[in-house]
Participant: 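Have a look at the structure that comes next, please.
Every value quoted in this text rests on a predicted model; they were computed, and no experiment measured them.
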Amino acid sequence: MEDHSKDNQPDFIREKIVRKKNRREETVRLLGRPVIGGTVFGLTAALVFTFCLMIFRPYLRGESAKEETETVSEETQISPENIMPENKEELEKLISQIVEADSLREEEVFYENIAEAVDSLKKSMVTVVAVKKDVDWFAVSYDSRYSQSGIVIKKESDRFYILTGYTSLRGAAAIQMEFSDGTRAEAQLEGYDTTYDMAVVSVEGKNLSAYMKKELTPAAIGNPSALSQGTPVFAVGSPDGSEGSVGIGFVSRINDRLQLVDCSSEGIQSSVHINGSGCSFLMGLDGAVLGIYTGQEQSIGSGYSQAYAINRVMVYVNRIYRGEKTAGLGITGQDIDEAISKENEIPQGIYVTDVKKDSASYEAGVQVGDVLEKLDGQTITSMSEYEEVLKNLTPDREVKMIVYRSSQGAYKKMELKITPTVRQD
């Protein structure tokens with residue numbers, strides 16, 4: 001059976017975009033309009049000039065806040081006639097210079113905040129090393145080491161839990177942690193999720209140095225739903241392809257209908273460029289984790305990238321904590337609600353936009369264009385319902401699937417038998 005492509009399939013994805021005001025343009029508009037108007041009308045001009053003098057005096061005189069509070073003799077005071085522009089053009093130039101100076105200072109503060117946040121994350125960032133057994137050309141066995149970034153997300157009793165990527169850990173003979181003080185400790189795999197390509201590993205506090213046991217701190221988990229377009233963010237881990245690098249940018253949009261294998265999620269698109277594989281984390285200026293990058297596929301070209309929203313990822317991280325397995329079928333789908341069903345004359349359910357090669361669905365004969373109506377006897381009307389059904393299925397237990405397939409201009413009902421595999425363990 002040939003692998004199926006997602007191209008040219010119906011796309012019902014909805015994105016929410018929240019605009020952020022341009023502070024500089026807004027400031028010039030609010031201040032410039034009344035001041036410029038004042039130059040045309042005599043009495044109004046005098047009042048506006050006096051008001052502007054009160055606001056801009058610290059900038060015009062080069063005084064600090066402390067100097068402004070000191071008593072100044074009448075002889076040294078500067079009168080409005082000496083400092084205020086004489087015409088409209090000079091006044092516009094003055095306002096522009098003041099706003100420009102204010103913007104430059106804001107930019108300095110922005111980078112200072114980034115530096116502080118990155119420095120504070122040293123207490124939460126670790127290096128996860130997968131040790132794998134390889135054989136050279138002469139049949140001699142040797143150890144290969146694969147390193148990637150991880151971030152501490154939970155501490156329970158005397159154990160620390162670290163979120164990281166899964167691909168490099170697959171088949172590892174051993175997992176180790178490397179810390180900021182140069183020490184190492186043995187770690188263990190707690191669980192993984194193949195859809196998000198993420199894993200949770202843990203290390204016991206008794207295996208840490210006294211310094212790291214005291215310093216190691218879980219990072220805060222942010223709220224991606226509160227983000228808006230233009231919000232500044234940064235990435236840590238290996239955004240430029242080298243471990244320990246940092247990338248800076250801003251949120252460009254929020255995609256709340258991100259189609260993934262066996263689930264729908266939320267993506268955070270930003271101007272942070274992700275170059276290379278490994279594991280990186282999207283962070284807010286407050287040092288909270290907003291999203292995770294786990295592979296090259298999350299670089300979407302033109303210097304932009306898309307992270308998996310951390311709140312969606314944490315749903316499956318929490319299942320790992322509880323020791324719960326999640327079944328997988330290998331389907332990427334899109335909701336077909338009642339309105340879309342009537343408009344496009346398609347049965348309600350999940351429209352299959354892609355089938356992962358060698359997955360349970362692929363082996364069962366599911367095809368792109370099929371509409372999934374029922375799974376294990378339960379009616380499916382949305383991807384969220386589909387996810388909930390999967391959470392309750394037992395991997396390796398055969399179940400029935402009802403799909404509708406288009407044939408000669410009409411949809412025909414089909415019953416398939418399918419055995420779910422393990423998506424998460």
Side-chain angles (χ1 to χ4, degrees), residues 120-133 143-222 236-238 243-244 277-283 287-295 307-308 310-326 391 395 422-425:
S120 67
L121 283 172
K122 291 179 180 179
K123 296 182 178 181
S124 304
M125 298 295 297
V126 301
T127 298
V128 181
V129 181
V131 181
K132 298 183 179 182
K133 299 292 184 181
D143 289 343
S144 294
R145 299 172 62 86
Y146 300 86
S147 300
Q148 64 181 352
S149 296
I151 193 166
V152 181
I153 54 173
K154 181 180 181 180
K155 179 185 179 183
E156 189 175 80
S157 299
D158 194 39
R159 185 173 290 274
F160 295 85
Y161 294 86
I162 294 92
L163 179 63
T164 189
Y166 173 60
T167 295
S168 65
L169 300 182
R170 192 193 303 266
I175 301 174
Q176 298 176 349
M177 294 288 175
E178 295 182 353
F179 304 96
S180 59
D181 65 347
T183 58
R184 295 181 180 179
E186 295 296 320
Q188 68 180 48
L189 177 66
E190 293 291 333
Y192 62 86
D193 184 278
T194 57
T195 292
Y196 289 106
D197 192 23
M198 64 85 180
V200 176
V201 296
S202 68
V203 60
E204 290 188 81
K206 66 180 183 180
N207 295 329
L208 305 181
S209 66
Y211 174 79
M212 289 311 306
K213 187 173 182 179
K214 179 182 179 181
E215 290 293 308
L216 204 58
T217 305
I221 302 300
V236 294
S238 54
E243 193 175 343
S277 57
C279 185
S280 298
F281 302 92
L282 187 68
M283 313 294 297
V289 184
L290 298 173
I292 181 173
Y293 302 95
T294 54
Y308 298 136
I310 192 64
N311 55 327
R312 299 295 185 89
V313 174
M314 288 302 294
V315 170
Y316 292 94
V317 168
N318 289 331
R319 287 179 64 84
I320 291 175
Y321 290 152
R322 296 192 296 266
E324 299 173 348
K325 292 185 177 183
T326 304
K391 290 176 184 177
V422 178
R423 162 189 162 178
Q424 172 180 299
D425 196 0

Participant: Could you pull out all residues at least two apart from Y166 that satisfy ring pair (Phe, Tyr, Trp, His ring centres under 6.0 Å)?
Facilitator: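 Expected list: Y192.
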Participant: Is the shortest side-chain heavy-atom distance between T183 and L208 below 4.5 Å?
Facilitator: no
Participant: Judged by atom type as modelled, is there a donor-acceptor pair below 3.5 Å linking the side chain of S149 to the main-chain atoms of T127?
Facilitator: no
Participant: Could you check if a side-chain atom of L216 sits within less than 4.5 angstrom of a side-chain atom of M177, using non-hydrogen atoms only?
Facilitator: no
Participant: A quick test of your reading: do over 12 heavy atoms of other residues, nucleotides or ligands sit less than 6.0 Å from NZ of K325?
Facilitator: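 Counting other residues, nucleotides and ligands, NZ of K325 stays at 12 neighbours or fewer.
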Participant: Got a sec, which residues hit side chain to side chain contact (heavy atoms under 4.5 Å, CB included) with T326, two or more places apart in sequence or on another chain?
Facilitator: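 Testing T326 for side chain to side chain contact (heavy atoms under 4.5 Å, CB included), a comparison that skips the adjacent residues, returns Y316, R319, R423, Q424.
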Participant: When you measure from the side chain of T217 to the backbone of S124, do you find a donor-acceptor pair of N or O atoms at a distance under 3.5 Å?
Facilitator: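 Side chain of T217 to backbone of S124: no pair is present.
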Participant: Keeping K132 on the side-chain end and R170 on the backbone end, is there a donor-acceptor pair under 3.5 Å?
Facilitator: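 Looks like yes, one N/O pair under 3.5 Å.
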Participant: Considering residues at least two apart in sequence or located in another chain, which fulfil the salt bridge (Lys or Arg N to Asp or Glu O under 4.0 Å) criterion with E178?
Facilitator: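 Residues passing salt bridge (Lys or Arg N to Asp or Glu O under 4.0 Å) with E178: R145, R184.
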Participant: So, Q148 side chain and G165 main chain: donor-acceptor pair closer than 3.5 Å or not?
Facilitator: yes
Participant: So for atom NZ, which belongs to K123, do other residues, nucleotides or ligands contribute more than 12 heavy atoms lying within a distance under 6.0 Å?
Facilitator: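 No, the 6.0 Å shell around NZ holds no more than 12 heavy atoms from other groups.
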Participant: Under 4.5 Å between any side-chain heavy atoms of C279 and M198, yes or no?
Facilitator: no
